[in-house]
**Q** 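Could you have a look at this structure, given as structure tokens, before my questions?
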Amino acid sequence: MDQKILVLNWKSNKTPSAARNFLEEFPADFKSPHKIVLCPDYLSVSLSKDIIEKKKIGFSIGAQDLSRFGQGAYTGEVSGKSLSELVEFVLIGHAERRRLFHENKDILKEKMTQAKENNLKTVLCVEGESDLEGFDPDFVAYEPESSIGSGVVEDLSKIEEAFEKIKKMTNAPLLYGGSVNYNELEDLKKVNNLSGLLVGSASLEVESVLNIVSSL
Ligand code: PGA
């Protein structure tokens, strides 16, 4: 099986102690042929990194977002420079950021610039090919908003159709996200051009993550 990328997006679901419990429960010395990127909230990035290193868990760390600005007088923001000391990946333009925090293309382009300037690997989340115009991310996660958190994975034919359009605009590997769970994996794996998955709800329990990884 080719190496896939599995992005685990905890969103705002875990407090630092819950993040710690998850990683304490996770098997030590865990290795996978796939690239697994754990995205805790900002407050849990550092402790997650420490535990992963200490227990030799084969995860990389990603951030769920970053500031559109560099370092400076931007109260409440977390700069790409700060993140670059702790994480390898960053998500940009998740559907929840676009919808709830009104992140438009201009803002997302600034975030992309900050990520690149700080050598972070970028996962741009899109709902369709038009969200990709003007961007050159390292990975593209196609995430139809109607599937996120709904419990229903998008029809495989629709995912393939979207991938075809996206592929005309980028050579970046393509991920699918939206209610990915273990039970749907056998079908999802058949999707043409699928290089990985972005998992939200099903990333919150250790057993669910282990099941997904083992059948990727
Ligand atoms: P979900 O979330 O797996 O809970 O649908 C995916 C995402 O929003 O990244």
Side-chain angles (χ1 to χ4, degrees), residues 4-15 18-19 22 26 34-42 44-45 48 59-66 83 87-104 107-108 111-112 115 120-129 131-132 135 137-156 158-159 162-163 166 172-189 191 194-216:
K4 299 253 186 290
I5 174 164
L6 181 69
V7 179
L8 307 175
N9 179 10
W10 279 351
K11 307 189 180 184
S12 294
N13 284 300
K14 286 195 191 290
T15 63
F22 177 103
F26 210 84
H34 304 292
K35 181 88 175 162
I36 304 175
V37 181
L38 177 67
C39 301
D41 73 10
Y42 289 138
S44 296
V45 160
S48 297
F59 285 2
S60 301
I61 301 275
Q64 300 172 14
D65 188 26
L66 82 169
L83 289 173
V87 312
E88 190 182 339
F89 288 81
V90 65
L91 303 183
I92 294 183
H94 188 280
E96 287 149 13
R97 304 285 330 161
R98 293 177 194 259
R99 178 167 48 89
L100 300 170
F101 302 95
H102 313 293
E103 293 191 356
N104 58 28
I107 292 174
L108 296 175
K111 293 191 171 200
M112 188 60 78
L120 298 169
K121 292 188 183 122
T122 53
V123 181
L124 181 70
C125 302
V126 303
E127 270 212 82
E129 73 284 4
D131 289 338
L132 200 64
F135 290 87
D138 297 302
F139 297 87
V140 176
Y142 167 62
E143 295 206 294
E145 204 172 350
S146 55
S147 292
I148 296 175
S150 68
V152 182
V153 171
E154 188 166 70
D155 287 348
L156 303 191
K158 284 198 181 156
I159 300 174
F163 276 12
I166 293 168
L174 306 183
L175 285 67
Y176 167 79
S179 296
V180 173
N181 66 78
Y182 170 65
N183 299 321
E184 309 282 350
L185 271 193
E186 282 313 309
D187 281 341
L188 273 170
K189 278 184 344 193
V191 169
L194 183 83
S195 293
L197 297 165
L198 201 158
V199 186
S201 320
S203 71
L204 298 175
E205 302 296 332
V206 170
E207 193 186 341
S208 162
V209 171
L210 290 172
N211 281 336
I212 291 174
V213 176
S214 66
S215 45
L216 251 192

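Read the numbers this way: they start at 1 and go in the same order the structure lists the ligands and their atoms.
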**Q** If you look at each N/O of ligand 1, which protein N/O atoms lie under 3.5 Å away, and at what distance?
**A**
unit_1: ligand 1; atom_1: 2 (O); unit_2: Lys11; atom_2: NZ; d: 3.2
unit_1: ligand 1; atom_1: 3 (O); unit_2: Ser179; atom_2: N; d: 3.4
unit_1: ligand 1; atom_1: 3 (O); unit_2: Gly200; atom_2: N; d: 2.9
unit_1: ligand 1; atom_1: 4 (O); unit_2: Ser201; atom_2: N; d: 2.9
unit_1: ligand 1; atom_1: 4 (O); unit_2: Ser201; atom_2: OG; d: 2.5
unit_1: ligand 1; atom_1: 5 (O); unit_2: Gly149; atom_2: N; d: 2.6
unit_1: ligand 1; atom_1: 5 (O); unit_2: Ser179; atom_2: N; d: 2.7
unit_1: ligand 1; atom_1: 8 (O); unit_2: Lys11; atom_2: NZ; d: 2.7
unit_1: ligand 1; atom_1: 8 (O); unit_2: His94; atom_2: NE2; d: 2.7
unit_1: ligand 1; atom_1: 9 (O); unit_2: His94; atom_2: NE2; d: 3.0
unit_1: ligand 1; atom_1: 9 (O); unit_2: Glu143; atom_2: OE2; d: 3.0

**Q** Charged N to carboxylate O below 4.0 Å: is that the case for Arg98 and Glu145?
**A** no
**Q** Look only at the side chain of Trp10 and the backbone of Leu38, and say whether a donor-acceptor pair between them is shorter than 3.5 Å.
**A** no
**Q** Using a strict 4.0 Å threshold on nitrogen-to-oxygen distance, state whether Glu96 and Arg99 make a salt bridge.
**A** no
**Q** Can you tell me which residue among Lys158, Glu154, Glu127 is in a side-chain hydrogen bond (donor to acceptor under 3.5 Å, both in side chains) with Tyr142?
**A** Glu154
**Q** Charged N to carboxylate O under 4.0 angstrom, Asp41 versus Lys14?
**A** no
**Q** Quick check on the 6.0 Å ring-centre criterion: do Phe26 and Phe59 meet it?
**A** yes
